[in-house]
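Notes follow once the structure below has been shown.
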Amino acid sequence: MAGAAYLERYPVVRSRDSEFARDRLFTAFGATGFDCRDHDFGIHANYVRLTSIGAAFCSYDCAASLSFPEADLLRQFFSIQGSANFSTANASEPIGAWSPFISAESRLRLDFSPGYRQLVIRIDAGALERSLKNLLGDASDRKLVFAGDNPDPAHMSFLRHDVFRFAEELERFGADYSSVVLCEMERNLILKFLLAHRHNFSDQLQRQPSSANRAVVDMVEAFIEANWDKPIDIESLARLANVSVRTMFREFALAGRASPGQFAKHVRLQRAAEFLRWPNEQTSVTGVALKCGFQSPGRFASEYLRVIGELPSETLKRSRQRW
């Protein structure tokens with residue numbers, strides 16, 4: 001099981017016992033069939049499940065096969081080393097740098113050669129469609145249907161890069177990120193998937209969105225200012241402004257704002273500075289970080305330094321010197 005691994009923070013199984021591995025693969029990944037054709041068995045698998053996306057790393061020392069039933073999710077495989085094949089009712093072909101998008105209605109069989117390593121992304125089909133319609137402001141009952149043809153190589157090379165960055169970021173910082181940040185990471189990766197694969201909304205997704213009144217930015221920012229201590233839900237903000245999520249982000253870009261989420265972070269850092277400048281006996285940097293929605297004190301300190309210009313501990317120390 002040599003070679004660099006991904007998602008080591010989220011282990012599922014690392015074993016040379018094929019029966020134990022079978023049980024873990026069935027439980028963690030929903031597999032219904034597993035076959036190892038070599039006595040020199042070894043497997044290394046990690047898996048993280050967020051709200052809408054699951055990411056897995058798998059490495060096999062020996063030749064092996066896995067089978068999966070139909071499921072309400074879509075899968076895509078990104079090979080790192082070695083060779084493998086996938087088979088569905090409609091296709092059977094090698095997995096190259098990436099596989100096609102495996103639809104939710106497909107039974108799936110995977111055959112791995114010895115030494116094969118890969119990253120896998122699993123996306124909830126319902127969440128994918130809801131994200132797309134929220135992005136477009138589409139309230140129709142039209143279902144998302146993928147074209148099934150080969151994805152655009154240029155888009156896929158960028159998507160592959162983003163998938164590996166997604167796994168690396170979860171490995172390094174995932175435990176420190178709030179649910180808001182993790183949702184934003186999922187949202188960004190879902191958008192890249194929707195752009196990389198042709199579907200019945202592709203033309204609508206790639207068209208220039210209609211322009212909204214610039215009051216949209218003022219309305220959203222005013223709401224964030226008034227609700228800075230609550231989770232920010234992008235879809236709710238778009239509904240508040242009566243525009244699609246895509247149009248809202250476009251208006252923020254035209255106004256020179258990075259995104260509603262980054263504006264919310266800036267507001268929270270300003271509130272944190274106020275708490276630290278006017279402390280009471282119980283005020284602490286960690287307490288202020290948590291109160292303002294930062295679950296990692298270390299990341300809070302680095303963000304605070306970038307925006308406010310000094311460490312939060314320095315602000316608090318100077319404020320207490322006035323007592």
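Residues Val163 and Trp98 are not in side-chain contact: their nearest non-hydrogen atoms beyond the backbone lie 4.5 Å or more apart. Val243 is not listed as a side-chain neighbour of Glu251, based on a closest heavy-atom distance of 4.5 Å or more. Between Phe86 and Glu93, some side-chain heavy-atom pair lies under the 4.5 Å cut-off. Within the 4.5 Å cutoff, the side chain of Leu135 has no heavy atoms near those of the Ile190 side chain. Counting heavy atoms from C-beta on, the side chains of Glu221 and Val267 never come closer than 4.5 Å. Residues Arg16 and Asp61 form a side-chain contact, since some pair of their non-hydrogen atoms from C-beta on lies under 4.5 Å apart. Side-chain contact check for Val216 versus Thr247: every heavy-atom pair is 4.5 Å or farther apart. In this structure, the side chains of Leu191 and Arg246 stay at 4.5 Å or more apart for every pair of heavy atoms.
When all heavy atoms are compared, the tightest approach of Ala238 to Met248 is N-SD, 3.8 Å. The minimum heavy-atom distance linking Ala289 with Phe300 is given by the pair CB-CD2, 3.4 Å. Looking at every heavy atom in both residues, Ser52 comes nearest to Ala127 through OG-CB, 3.4 Å. Counting all heavy atoms, side chain and backbone alike, Phe41 lies closest to Ala21 at CZ-CB, 3.6 Å. Of all non-hydrogen atoms in Leu136 and Ser244, the two that sit nearest each other are C-CB, 3.4 Å. For the pair Ser87 and Ser92, the tightest heavy-atom approach, listed with the atom from each and the gap, is OG-OG, 3.0 Å.
Clustering ILVMFWY residues whenever any of their side-chain heavy atoms sit less than 4.5 angstrom apart, transitively, puts Leu290 in a cluster other than the one holding Ile232. Hydrophobic cluster membership differs between Leu73 and Phe68, with clusters built from Ile, Leu, Val, Met, Phe, Trp and Tyr side chains linked at under 4.5 angstrom.
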**Study point:** Test side chain to side chain donor-acceptor pair (under 3.5 Å) applied to Arg239 and Ser236, step by step
**Key:** CA-CA 5 Å; Arg239 286 194 295 271; Ser236 296; 3.2 Å; yes

Exercise for review: Show your working on salt bridge (charged side-chain N to carboxylate O under 4.0 Å, His left out) between Arg306 and Glu303 and close with a plain yes or no.
Suggested key: CA-CA 5 Å; Arg306 181 178 62 83; Glu303 293 284 356; 2.7 Å; yes

Practice item. Check the pair Lys192, Asp162 against salt bridge (charged side-chain N to carboxylate O under 4.0 Å, His left out), reporting the backbone distance first and the verdict last. Key: CA-CA 8 Å; Lys192 296 297 178 61; Asp162 288 336; 2.8 Å; yes

**Study point:** Test side chain to side chain donor-acceptor pair (under 3.5 Å) applied to Ser67 and Arg107, step by step
**Key:** CA-CA 8 Å; Ser67 299; Arg107 293 178 178 272; over 6 Å; no

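Remark: Glu310 engages Arg318 in a salt bridge, criterion side-chain N to carboxylate O under 4.0 Å. A salt bridge does not link Glu274 to Arg277: none of the charged side-chain nitrogens sits closer than 4.0 Å to a carboxylate oxygen. The pair Asp35-Arg22 does not count as a salt bridge, with every side-chain nitrogen at least 4.0 angstrom from each carboxylate oxygen. One finds no salt bridge joining Lys133 and Glu235 here, because no Lys/Arg side-chain nitrogen approaches an Asp/Glu carboxylate oxygen to under 4.0 Å.
Rounding to the nearest 0.5 angstrom, the gap separating the CG atom in Leu7 from the CG atom in Leu170 is 6.5 Å. Atoms CZ and CD1, from Phe77 and Ile121 in turn, are 11.0 Å apart once rounded to the nearest 0.5 Å. Annotation: the span from Phe166 atom CZ to Leu159 atom CG amounts to 11.5 Å, rounded to 0.5 Å. Here the CD atom belonging to Glu129 is positioned 10.0 Å from the OG atom belonging to Ser131, to the nearest 0.5 angstrom. Taking CZ of Arg271 as the start and NZ of Lys291 as the end, the distance is 11.5 Å to the nearest 0.5 Å.
Residue-environment remark: CZ (Arg9) exceeds the threshold of 12 foreign heavy atoms within 6.0 Å. Shown here is Lys230, whose NZ atom has more than 12 heavy atoms of other residues, nucleotides or ligands within 6.0 Å. In the displayed structure, Asn242 atom CG is contacted under 6.0 Å by at most 12 heavy atoms of other residues, nucleotides or ligands.
Classified by interplanar angle (parallel below 30°, tilted 30° to 60°, perpendicular above 60°), the ring pair Phe164/Tyr6 is perpendicular. Note: Phe201 and His199 have tilted aromatic rings, judged against thresholds of 30 and 60 degrees for the angle between ring planes. Ring geometry, Phe275 versus Trp228: the interplanar angle falls from 30° to 60°, so the pair is classed tilted.
Arg122 places no side-chain N or O within 3.5 Å of a backbone atom of Arg49 that could act as its donor or acceptor partner. For Ser319 (side chain) and Leu276 (main-chain N/O), a donor-acceptor pair under 3.5 Å exists by modelled atom type. Put simply, the side chain of Arg142 gets close to the backbone of Asn200: a donor and an acceptor are under 3.5 Å apart.
Scored by the ring-ring contact (aromatic ring centres under 6.0 Å, His included) test, Phe29 finds Tyr47 as partners (sequence neighbours excluded). Residues passing the ring-ring contact (aromatic ring centres under 6.0 Å, His included) test with Phe112, sequence neighbours excluded: Tyr60, Tyr116.
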